[in-house]
Amino acid sequence: MLQIKNLHANINGKEILKGLDLTVRPGEIHAIMGPNGAGKSTLASVLTGNQAFEVTKGEVTFYGKNLLELSPENRSHEGIFLSFQYPVEIPGVSMVNFMRSALNEHRKYKNLEPLSATDFLRTMREKKELVEMDNKLANRSVNEGFSGGEKKRNEIFQMAMLDPRLSILDETDSGLDIDALRIVANGVNKLKRPDNASIVITHYQRLLDYIVPDFVHVLYNGRIVKSGGKELAYELEERGYDWIKKEVEEAP
Amino acid sequence: MENENLIDGTNSKSPSFGGVGESPYIDLYKSHHESIKKHSTVVMNHIRDDAFALFEELHFPTVALENYKYTDLKAALSIDYGLNINRIPIPVNPYEVFTCDVPGIQSYLYFVVNDAFYPVNDARNKTLPKGVIIGSLNQIAENHPELVKQYFGKLSTTKKDGLIAFNGAFAQDGFFMFVPKNVVLDKPVQLVNIMRSDVDSMANSHNLIIFEEGAKAQLLVCDHTVDDVRFLSNRVTEVFVGENATYEHYKLENTHTKTTNLSTLLIDQQRSSTVLANIITLHNGQTRNTIEIDIDGENCETNLCGMVIADKNQQVDNFTSIIHNKPNCHSTELFKYVLDDMSKGGFTGKLYVAKNAQKTAAFQTNRNILLSKTAKMRTKPQLEIYADDVKCSHGATIGSLDETAKFYMQSRGISEKEARLLLMFAFTNDVIENIRIEALKDRIKILVEKRLRGELSKCEGCVICQ
């Protein structure tokens, strides 16, 4: 579904991604690990169309479409979802209004009628249960005053509402205690189907105990320098990243 | 046009002066003050010559004055406006021209057409509680001279302000409202100021609002323009809020771009009283709101807020003062502006805490969003605190829309346009939440949304805009 070839990207003139390749097929879970500053979050931002990043080279296709030409909203309509590392607080915009606008724009893109109020509220209720989200949160402004755990749960709730084909989870485990981590991972697992896929960006192997990846990639210095199965994650946990850095530097 | 001659006949001001600045008005007063007085009332005439003398000294304010540096009236005052000194009735049916009624608001409804209270015989107004007096200031000053004399001009005549002085010299009528001791009005009172004329016109009206001890009511003032001519209105409103009384003042301006709206709101608060004033400029030409709230008793609660949505060449200046003269009072002030195109905004938040006004808590916020590079906002907090045991804060920001929030919304599939709209709407939301008339709050939400969507590029409810 997703093909990334030789992707280069800059922020403020500084090159962060330096020739990244990745292929994701339906049904797969890919973990992307790597030390700080390797470009993990940049990859997530570039895939979702954050204007702060400039793609200088390479291509990204999603089901054959040139993803880089699409606006952020159209990428969402096409089925790409990013669970933000730092979900944004939007005072004054209620969760209900926010989700209704999002869902109805998705339906418009597919030439569907807007959801009726009853259907919309029923969907909200069902999906909230999936991440054990408090009813009160849904009546508040988007992420405003939410705790770290509540914000991450809210991301997965939105993911459930929008039913993406490819979800990118950017450091979803950061700042979560073990219970919240279990709830969030549980939500992600319940949403897994043979026709959708996930890219899980994480620093630690911890999350991968709950969301078991099919592939683990190491991102270092803007490129994927090593790929393997889930056992690679354990190795990284044990040995850290230094041996990888060394391998890269010693390579011709 | 049929009415043209009629209205033209009311132009007592000689056009030969070219209408620049104050001199034609000074001459007009000198030659016509007898007519002005003849068509007004003793109580109003009592302050008239003094007000004129003060105007002769002060003239119209210019940007050289600190208090007017965000309001440039030069262009507006160069127009030759007609004044209806001889009180010739304006042919208009306000019920016909005023169509943007707030559905479901169920108010006691009154009109001031240009500068005159419009006598209506509305059955709904007959259910006012006993003792409540609402009507023409001119008329009520004749019927209840003692009551009016006790209050009229008490707040306005002490001000060294050219516009207020001008109003004192030329205003001949206005809206009057009296709510006696412990009377609570079940419905809001709605005052609609309509500007209706076939030639460029000026209106000066003076409103007087008196709440006795424990009285409680809401007043909604709507400013509208009807005809496609240039208007200047210069209105002064004095409000006396007695002990334990509660006064809510909502001002909703929805006028056309050829309007200059100069409005002064002076409020005096007595012990343990509550005031909420919410000043909303949805659509306008050039607007100057001068608002001064004097807190003259302990344990008062004051909430002053407002919002502005402006684009094109629109200009809005809110010049506000909250004066804490007594201890143990609490005031909050919140103004928000959304400015697009070449529009200009100004805000001054004067906060004065007198030496003995200990335990004052006063918080002021002004936040502004500029949607274009050519829009301008100037903001000035001005705190003068002479007491030492107080809690005061102020904050002003000028920025653009939150790009991170916009991207977050877009990443969920919300289009950029819709995301901007939701953010702008959210930005103004806390001012709208400060409206305690539910039907009005719902209506303003719709109007604001329409305005932000660009569907209200002309004022709603005016005949010329339909």
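Protein chains get the first letters and strands the later ones, always in sequence-line order, with residue 1 at the start of each. The analysis underlying the following values was restricted to heavy atoms, covering all of them including side chains, and did not include hydrogens, waters or symmetry mates.
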State whether B:Lys417 and A:Glu73 are salt-bridged, where the test is any N-O pair (Lys NZ or Arg NE/NH1/NH2 against Asp/Glu carboxylate O) under 4.0 Å.
-> no
Could you give the distance from [atom1] ([X]) to [atom2] ([Y]), rounded to the nearest 0.5 Å?
| X | Y | atom1 | atom2 | result |
| --- | --- | --- | --- | --- |
| B:Met409 | A:Ile90 | CE | CD1 | 4.5 Å |
| B:Gln410 | A:Ser71 | CD | OG | 7.0 Å |
| B:Ile414 | A:Arg100 | CD1 | CZ | 11.5 Å |

May I ask you to check whether over 12 heavy atoms, not counting those of [X], lie within 6.0 Å of atom [atom1]?
| X | atom1 | result |
| --- | --- | --- |
| A:Lys65 | NZ | no |
| B:Lys376 | NZ | no |
| B:Lys344 | NZ | no |
| A:Gln51 | CD | no |
| A:Lys192 | NZ | yes |
| A:Tyr109 | OH | yes |

Contact class of A:Pro164 relative to chain B, heavy atoms under 4.5 angstrom = neither
Contacting moiety of A:Asn74, where chain B heavy atoms sit under 4.5 Å | neither
Smallest separation among heavy atoms of [X] and [Y], with atom names:
| X | Y | answer |
| --- | --- | --- |
| B:Leu422 | A:Val93 | O-CG2, 3.7 Å |
| B:Ala426 | A:Gly92 | CB-C, 3.5 Å |
| B:Arg412 | A:Ala102 | O-CB, 3.3 Å |

Flag the pair A:Val88 / B:Phe407 as yes when at least one side-chain heavy-atom distance between them is below 4.5 Å, and no otherwise.
->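 They are not in contact (no side-chain heavy atoms under 4.5 Å apart), so the answer is no.
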Side-chain heavy atoms of B:Ser415 within contact of A:Glu105, under 4.5 Å = yes
B:Tyr408 vs A:Phe84 aromatic rings, parallel, tilted or perpendicular, using cut-offs 30° and 60°?
->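 Plane angle over 60°, so perpendicular.
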What residue in A:Ile80, A:Asn50, A:Leu162, A:Leu82 has the most heavy-atom pairs under 4.5 Å with chain B?
->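 Winner by heavy-atom pair count: A:Asn50.
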Check each atom of B:Glu416 against the heavy atoms of chain A and say whether the ones under 4.5 Å are side chain, backbone, both or neither.
->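 When you check distances to chain A, atoms from both the backbone and side chain of B:Glu416 fall under 4.5 Å.
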